[in-house]
Structure formats: structure tokens, C-alpha cells
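These notes concern the structure reproduced below.
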Amino acid sequence: MLDLKLMQKDPELVRAALEKRGSPIDVAEFTAMDERRKALIAEVETLKAEKNRVGPEIAKRKKAGEDASDLLERMGLVAERTRRLDAELSEVEAAEKEWMMTVPNMPHASVPVGKSEEDNPVVRVWGEVPKFDFQPREHWDLGTALGGLDFERAAKLAGARFAISFGWCARLERALAQFMLDTQTGLHGYTEVIPPYIVNRRTMTGTGQLPKFEEDLFKLTDERDFFLIPTAEVPLTNIYADEVLDEAQLPVKFCAFTPCFRSEAGSYGKDTKGLIRLHQFHKVEMVNFAHPDRSYEALEVMTGAAEKVLQLLELPYRVITLCTGDMGFGAAKTYDIEVWLPGQDKYREISSCSNCGDFQARRANIRFQPAGSKKTEYVHTLNGSGLAVGRCLVAVIENCQRADGAIVIPQALRPYMGGLEVVEPK
RNA sequence: GGAGAGGUGGCAGAGCUCGGUUUAAUGCGCUGGUCUUGAAAACCAGAGGCGGGGCAACCCGUCCGGGGGUUCGAAUCCCUCCCUCUCCGCCA
């Protein structure tokens with residue numbers, strides 16, 4: 001959520017910032033609501049102040065056995081009017097809050113202005129794109145041929161956009177997950193967390209999935225307001241909801257390996273084959289709670305932590321900055337890491353690292369107390385994939401394939417694979 | 001799933017029976033001060049969040065788990081939801 005004060009003080013600045021990301025807002029609509037709210041508050045509070053003054057007088061008279069019917073009659077009218085105005089005030093407040101909650105974050109000044117993914121500049125490229133003396137195959141083809149992947153039976157069990165892994169492939173996915181967790185906890189100082197995979201509405205609202213994107217989520221309709229997490233960013237970021245951290249605690253760095261569930265409504269026809277876009281996938285997620293002065297620095301470091309995994313696996317990739325028009329709802333700045341996929345002959349997203357500034361912290365009410373200060377401030381929250389496990393599995397299969405259809409396990413993963421070096425065709 | 005108890009300010013904990021000098025007692029902790037070589041102790045004073053108004057010192061409203069209701073007036077009465085604890089049952 002944006003700062004209400006800023007919205008009141010300089011709505012034009014907010015409007016201009018959001019225009020850059022293609023999210024127009026109606027300033028007049030907001031101003032009308034805000035002014036109506038203030039007018040109602042002024043009137044309601046005048047009435048309540050009178051109530052508070054007269055109340056003790058009624059009590060005093062009753063105690064003394066005196067008649068108070070004149071005051072009672074008058075206060076009856078005041079109460080009636082207060083009820084009506086209070087009801088209207090609640091409506092206006094709810095509408096204004098809802099309005100604020102559906103406004104996306106403002107892009108940071110350093111974010112390049114652009115309309116779509118076409119306009120995302122490449123920041124750096126790492127590794128050599130491998131040259132094959134044969135036609136490289138796609139992962140669903142290779143994986144299925146080696147008996148590791150089965151999409152048909154997955155469709156029987158659950159439907160489209162699901163997969164089953166068997167044997168070496170299941171183990172490889174587990175190895176990747178463990179390798180990523182070990183890297184983030186061992187090399188980069190992250191604390192490993194196992195959070196709930198099901199969360200409530202409040203939590204989904206804190207990170208920005210709700211109220212605007214409910215159709216992207218899986219909801220447990222028979223239960224209370226329960227949702228399956230679309231990313232561990234949601235439970236990890238909300239861990240400190242409604243809490244005040246000590247300045248000395250910052251930065252707090254959590255990572256978690258979790259399943260992620262996405263309805264993929266609206267992505268019909270996109271990536272219908274393979275592991276790229278599933279309803280259920282695994283991801284290692286990193287979340288930082290950072291001091292506002294150091295959050296953009298932290299974003300660079302976090303992106304580097306995600307890159308490190310690909311470097312150790314020797315998978316070529318590039319980093320791009322999302323332009324203003326391509327950023328997610330809560331982000332102020334985002335780097336995407338795209339890994340090279342020979343089967344598809346292109347780079348595909350494998351990680352997204354964002355600084356959300358105080359946008360989520362304000363929604364979830366996550367603050368810190370600067371040393372020696374009585375006041376609290378909102379922390380800055382960052383999140384990034386470190387990495388998407390399923391897509392990394394795709395990258396390993398496609399980049400490490402041999403002409404005979406075998407897959408050569410990357411050196412770094414072999415200890416996690418019981419020493420296995422090559423997955424041989426039968 | 002069954003039965004019972006409870007959610008009050010940073011923490012502990014009264015108030016709820018009988019709604020109105022409670023602007024939520026008291027203790028601890030916290031901040032400033034006095035005293036002291038320093039610290040402790042003692043004593044004095046102060047202190048919250050959110051919102052509205054004012055140039056300002058300030059003033060007002062609101063907050064006793066969330067929401068709703070009764071009433072001139074609710075921490076207190078009623079309804080509802082959530083959470084915690086104890087006992088029983090079941091269970092990886």
C-alpha cells in the first residue's frame with residue numbers, strides 16, 4: 001500500500017509515477033473520497049465529544065434522584081445521528097482503503113521506463129551458450145524418454161499442468177533443492193524456514209496477492225478463508241506482520257523450500273508442454289527485511305545470491321531489469337534472472353528478485369525501531385527466488401544433454417546424487 | 001470430534017457479579033531528573049498506537065482478540081467469528 005499521507009499531499013506525483021508503469025489512477029475519485037471522509041469525521045467527532053460531556057451529567061442526576069429526561073431526549077437524537085454518520089463513515093473508509101489496496105507500488109527512480117518485456121534492458125550475461133553438434137532436445141522429450149517425467153499419468157491424476165517425476169528425475173529435483181538451500185544458508189547467511197503452505201486472507205493481503213489477484217490463487221473453498229501459497233514470499237514476509245523489530249536485528253534473511261500453487265488463470269495456451277508452467281512447482285525463496293537506507297544495496301546482493309546457484313551449476317544465464325511496465329504489483333524494482341534453455345533456444349525466467357520498499361511493510365504492518373528513537377519506521381521487504389527448482393531441473397536436463405540422450409549431472413550436484421555422474425538411456 | 005477455562009496497555013495482572021468520577025487500578029520494565037565518585041536503592045516526574053483540527057503550546061476522537069447488536073452511555077450485557085490453554089477421544 002502507498003503512503004496515504006503522500007497520496008493526500010502530492011497525488012500528482014503518485015499519478016505520474018504510476019503512469020510510467022501503465023497503471024492510471026483517478027486522482028479526483030480519491031480526493032473526493034478523502035474529503036468526504038474528513039468531513040464525516042469532523043461531524044461525528046463533534047457529536048461524540050458532546051456525548052462524552054453530557055454522559056457524566058446524566059449519571060450524576062440519576063444518582064441524585066433528579067430528572068434527566070431533557071438530556072436523555074436530546075442525547076437520543078445525538079445517538080441516532082451519530083449512528084447514521086458512523087455508518088456512512090465506515091463505508092467511505094472501507095471504499096478508500098479498498099481503493100488504496102488496489103493501487104500498485106511506485107517504481108524506483110532507477111527503473112527504466114518501458115511498456116512491456118520488450119523494453120527490459122539486459123544488465124549482464126554470464127557463461128557461454130553451449131554449442132551442440134546435434135539438435136538439442138526439449139526437456140519433456142528427454143526427460144520422458146529417460147523414464148524420469150510423466151505428463152500423461154499426471155493428467156490422469158490431476159489434469160493439465162501437472163507432472164510426475166520418477167527415479168533419477170525425482171532425486172535430481174531433491175538434489176537441486178538441497179543444493180540451493182545449502183548455498184543460501186551456508187554461503188549467504190540465510191536462515192532456513194519451513195512455513196505454512198496454507199495461509200489466511202490477511203496474510204495474502206499483506207504481500208499484495210489480495211484483494212486484487214484472487215483468481216490467480218487456489219482457495220480451499222470448504223474451509224475458512226484459506227489459500228494455498230503461490231510463493232513462499234507470502235508466509236516468509238508475513239512472519240513479522242504486526243511486529244516491531246530492533247534496528248540491530250536488521251537485516252533478517254529467511255529462505256525456504258516450498259511447493260507453490262498457482263491457478264494460471266489467463267495463461268491458456270502458454271507453455272502448455274513440460275515443466276515450465278505448472279499448477280504446482282517447487283521453489284527456494286529468499287526474503288529480506290532490510291533497513292530502508294540499505295534495501296537497494298541488499299537487492300543487488302540478493303540477486304547475486306540467486307546467480308551464485310547458476311554459476312556453481314555452470315548454467316549460462318543473463319540478468320535483466322524489469323522496466324516500469326513489466327513489474328509486479330508490489331515491486332519498486334525487479335531483476336529477473338533468465339537461464340539459457342538449449343531445447344527452446346532461448347533464455348527463460350528462473351528467478352525474480354524484487355525490492356518492495358515499504359509497500360508490503362505498510363500493508364502487513366512490519367516496522368522497526370531505530371536505535372535511540374521512540375518512533376517506529378516501516379522496514380523494506382525484498383524477495384527473490386533462489387531458485388525456481390522445477391525450471392532449474394529443466395535447465396540441467398537441457399544444458400547437460402548428450403547426443404545419445406544421456407544427461408551428465410553437474411559436478412556440484414553429484415554429492416547430492418549419491419555420486420551419480422550420468423543418467424544413461426536404457 | 002466432546003467437555004471446560006480464558007483472551008485487558010512493552011510484560012504481569014485487577015476491573016466484568018450490580019453498565020455511568022476508570023481520563024483502565026496495581027506491580028515490573030522503560031525514559032528523564034534528584035541523590036551518588038560511579039552504579040544500585042530510594043524518591044520525583046514522564047511515557048503508547050491510529051485518526052481529525054490548529055502556525056503553535058495544545059485540543060478532540062478512537063483503541064480492553066476481530067466484527068455486529070442492546071443503551072442516552074459498554075472493558076462490563078447479548079450475538080457471532082478467530083485464537084490460546086486444560087482434560088477426553090482420534091491420529092502421522
Side-chain angles (χ1 to χ4, degrees), chain A residues 1-9 11 30-101 194-206 210-211 219-227 235 238-249 259 358 361-379:
Chain A
M1 190 167 62
L2 298 180
D3 185 359
L4 182 66
K5 293 240 170 65
L6 178 66
M7 193 59 210
Q8 292 168 332
K9 210 177 74 192
F30 169 81
T31 307
M33 275 191 293
D34 201 52
E35 276 169 8
R36 181 64 188 144
R37 180 176 64 87
K38 287 186 180 177
L40 283 166
I41 285 174
E43 202 171 351
V44 161
E45 291 194 350
T46 304
L47 292 171
K48 287 185 176 172
E50 182 176 0
K51 179 200 84 177
N52 290 339
R53 276 199 311 274
V54 175
E57 176 64 18
I58 294 175
K60 206 167 94 187
R61 284 205 203 169
K62 286 205 162 182
K63 215 167 201 170
E66 295 169 8
D67 176 49
S69 55
D70 56 328
L71 293 179
L72 286 178
E73 188 185 341
R74 201 186 131 120
M75 286 299 99
L77 296 174
V78 167
E80 169 59 26
R81 183 156 174 72
T82 305
R83 246 193 301 278
R84 278 214 324 276
L85 292 174
D86 250 339
E88 190 185 347
L89 178 59
S90 305
E91 274 175 39
V92 172
E93 278 177 338
E96 190 173 350
K97 182 89 186 286
E98 173 84 6
W99 191 92
M100 288 296 288
M101 291 297 257
I194 301 181
Y197 306 151
I198 299 171
V199 298
N200 58 30
R201 180 169 291 270
R202 165 84 216 281
T203 299
M204 281 294 182
T205 306
L210 294 179
K219 187 176 180 187
L220 271 55
T221 49
D222 289 343
E223 288 297 333
R224 294 155 295 181
D225 260 351
F226 278 159
F227 299 87
N238 281 285
I239 281 175
Y240 288 131
D242 290 321
E243 294 192 37
V244 179
L245 305 174
D246 290 330
E247 187 173 27
Q249 269 180 277
D358 62 8
R362 187 173 283 111
R363 288 177 161 247
N365 195 25
I366 309 169
R367 293 162 297 166
F368 75 101
Q369 189 145 36
S373 168
K374 285 240 155 205
K375 278 284 176 192
T376 57
E377 280 181 53
Y378 291 112
V379 300

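Just so we're on the same page: letters track the sequence lines, and every chain starts at 1. Because the structure is a prediction, the values reported are computed rather than measured.
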Tell me the partner of [N], counting only Watson-Crick (N1-N3 plus N6-O4 or O6-N4) or G-U wobble (N1-O2 and O6-N3) with both under 3.5 Å; none if nothing fits.
N      : value
A47(B) : none
C35(B) : none
G89(B) : none
C55(B) : none

Once rounded to the nearest 0.5 Å, what's the spacing between atom CZ of R84(A) and atom CD of E43(A)?
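Here the rounded value is 9.5 Å.
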Rounded to the nearest 0.5 Å, what's the gap from CG on L220(A) to CZ on F226(A)? Could you check?
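Those atoms lie 8.0 Å apart.
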Distance-minimising heavy-atom pair for A364(A) and N238(A):
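Between these two residues, the closest heavy atoms are CB-OD1, 3.6 Å.
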How close do I366(A) and Y240(A) get, counting heavy atoms only, and between which atoms?
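That would be CG1-O, 3.5 Å.
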Indicate yes or no: at least one non-hydrogen side-chain atom of E96(A) is less than 4.5 angstrom from one of D34(A).
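Of all side-chain heavy-atom pairs linking D34(A) with E96(A), at least one is under 4.5 Å.
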If we take the [atom1] atom in both [N] and [M], what is their distance in whole Å?
N      : M      : atom1 : value
A3(B)  : G89(B) : P     : 15 Å
U76(B) : C18(B) : C1'   : 11 Å
U37(B) : A45(B) : C1'   : 26 Å
U23(B) : G15(B) : C1'   : 16 Å
A5(B)  : G9(B)  : P     : 22 Å
A14(B) : A74(B) : P     : 25 Å
G27(B) : C78(B) : P     : 32 Å
G4(B)  : G66(B) : C1'   : 23 Å

Hey, does [X] reach any base, or is it just sugar-phosphate, or nothing, if we go heavy atoms under 4.0 Å?
X       : result
R37(A)  : sugar-phosphate
N200(A) : nothing
I41(A)  : sugar-phosphate
A79(A)  : sugar-phosphate
K62(A)  : base

Tell me whether the side-chain N/O atoms of N52(A) come closer than 4.0 Å to OP1 or OP2 in U62(B).
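The answer is yes; a side-chain N or O of N52(A) sits under 4.0 Å from OP1 or OP2.
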Taking only side-chain nitrogens and oxygens of R367(A), does any of them come within less than 4.0 Å of OP1 or OP2 of G49(B)?
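No, because none of the side-chain N or O atoms of R367(A) sits under 4.0 Å from OP1 or OP2 of G49(B).
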Take the protein atom [atom1] of [X] and the nucleotide atom [atom2] of [N], then report the distance between them rounded to whole Å.
X       : N      : atom1 : atom2 : answer
R53(A)  : U21(B) : CZ    : C1'   : 17 Å
L72(A)  : U70(B) : CG    : P     : 17 Å
K48(A)  : G52(B) : NZ    : P     : 14 Å
F226(A) : C82(B) : CZ    : P     : 9 Å
E57(A)  : G20(B) : CD    : P     : 17 Å
Y378(A) : G49(B) : OH    : C1'   : 10 Å
D242(A) : G65(B) : CG    : P     : 15 Å
I366(A) : G49(B) : CD1   : P     : 19 Å

Along RNA chain B (nearest heavy atom to each residue), the more 5'-positioned of M75(A) and S90(A)
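Taking each residue's closest nucleotide, the earlier one in sequence belongs to S90(A).
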Both K5(A) and G76(A) contact RNA chain B. Which one's nearest nucleotide lies toward the 5' end?
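The residue mapped nearer the 5' terminus is K5(A).
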Contacts under 3.5 angstrom, residues 64-73 of chain A side chains, donor-acceptor by atom type, not counting sequence neighbours:
unit_1, atom_1, unit_2, atom_2, d
D67(A), OD1, S69(A), N, 3.3
D67(A), OD1, S69(A), OG, 3.1
D67(A), OD2, S69(A), OG, 2.9
D70(A), OD1, R61(A), NH1, 3.1

Give me the one residue out of E91(A), E93(A), E88(A) that meets side-chain hydrogen bond (donor to acceptor under 3.5 Å, both in side chains) with R36(A).
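Going through E91(A), E93(A), E88(A) one by one, the side-chain hydrogen bond (donor to acceptor under 3.5 Å, both in side chains) with R36(A) is satisfied by E88(A) alone.
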Side chain of [X] only, please: which of [options] is the nearest?
X      : options                : result
A49(A) : G20(B), C60(B), U71(B) : C60(B)
I58(A) : A74(B), G20(B), G52(B) : G20(B)
K38(A) : C72(B), G51(B), G53(B) : G53(B)

What about E45(A), does its side chain sit under 3.5 Å from the base of G53(B) through a donor-acceptor pair?
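By the distance-only test, no, there is no pair.
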